[in-house]
Amino acid sequence: MSAILIAGLLAGYGIAMPVGGVGTYLVALTARTTLKTGACAALGVATADGLYALVAAVGGASLADAIEPAMTPLRWASVLVLLALAARGTLTAVREYNAHSDRSTSTSTISTRTPPGPTRAYAALLGLTLLNPATVVYFAALVLGSPATESLTHAEQTAFALAAFVASASWQLLLAGGGALLGRVLTSRKGRLVTALTSSALITGLAVHLLVSA
């Protein structure tokens, strides 16, 4: 069970750490409303990550017997997907850094509207994160490609999803409640570059682990 928890935590941090538009919005939202509203928005993001992790875990376990003959090529495909996601994250971060892109523009546009309350902030960030197809692809690749998650019990499926939720929630809450100084650091050009590169390194490490454990 501990291996499943660790896998879930690493998976959660891998998908949550890149600070893009959502992370920037979380910091700005907390700054102009309340910590409660920011925390609810952060939990909306984490809930979406946890739901996708649960869907991937349940789906992977259900398909394990049916796809057993194809597990080796599937594992290689999962490794390639993870490496592609890591490479995409790195290239995007470097390109945006070099182009002096600033996603806070969209945040400033949002800030002119009436600030949402805690419930609406949670629902908005939940829906926004659920619309990101890369999240479910990421978790599916991890679950289907790892020998440790081929035959998960219901308890282990839940543990994996909860661990991913906790990891994502801890990072999103750090962004929301870190204060103005931390917010400026993590959402700056350099901050987004560092968090994206760290996430890509973590995802690459997970892909290498799949190869080693195959």
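Residue numbers start at 1 and run along the sequence shown.
- Here the side chains of Q172 and L26 are in contact, with some heavy-atom distance below 4.5 Å.
- Contact check for T47 versus F165: side-chain heavy atoms found under the 4.5 Å cut-off.
- Rounded to the nearest 0.5 angstrom, L125 CG and L130 CG are separated by 10.5 Å.
- Contact between S168 and A46 at its shortest, heavy atoms only, is OG-CA, 3.4 Å.
- Cluster annotation: V166 and L174 are assigned to the same hydrophobic cluster (Ile/Leu/Val/Met/Phe/Trp/Tyr, side-chain heavy-atom contacts under 4.5 Å, transitive).
- In the hydrophobic clustering of this structure, W171 groups with I6; members are Ile, Leu, Val, Met, Phe, Trp, Tyr whose side-chain heavy atoms approach within less than 4.5 Å, directly or through other members.
- Side-chain contact check for T30 versus L35: some heavy-atom pair is nearer than 4.5 Å.
- Contact record, A176 with G38: CB-O, 3.6 Å, taken as the closest heavy-atom pair.
- Across every non-hydrogen atom of A53 and A164, the tightest pair is CB-CB, 3.7 Å.
- Closest non-hydrogen pair, A167 versus S170, comes out as O-OG, 2.7 Å.
- Side-chain atoms of Y13 and T198 include no donor-acceptor pair closer than 3.5 Å.
- Residues F160 and L5 fail the side-chain proximity criterion, which asks for heavy atoms closer than 4.5 Å.
- The SG atom of C40 lies 12.0 Å from the CG atom of L126; values are rounded to the nearest 0.5 Å.
- Across all their heavy atoms, A163 and L9 have their closest contact at O-CD2, 3.4 Å.
- How far OG1 of T158 is from CD1 of I4: 11.5 Å, rounded to the nearest 0.5 Å.
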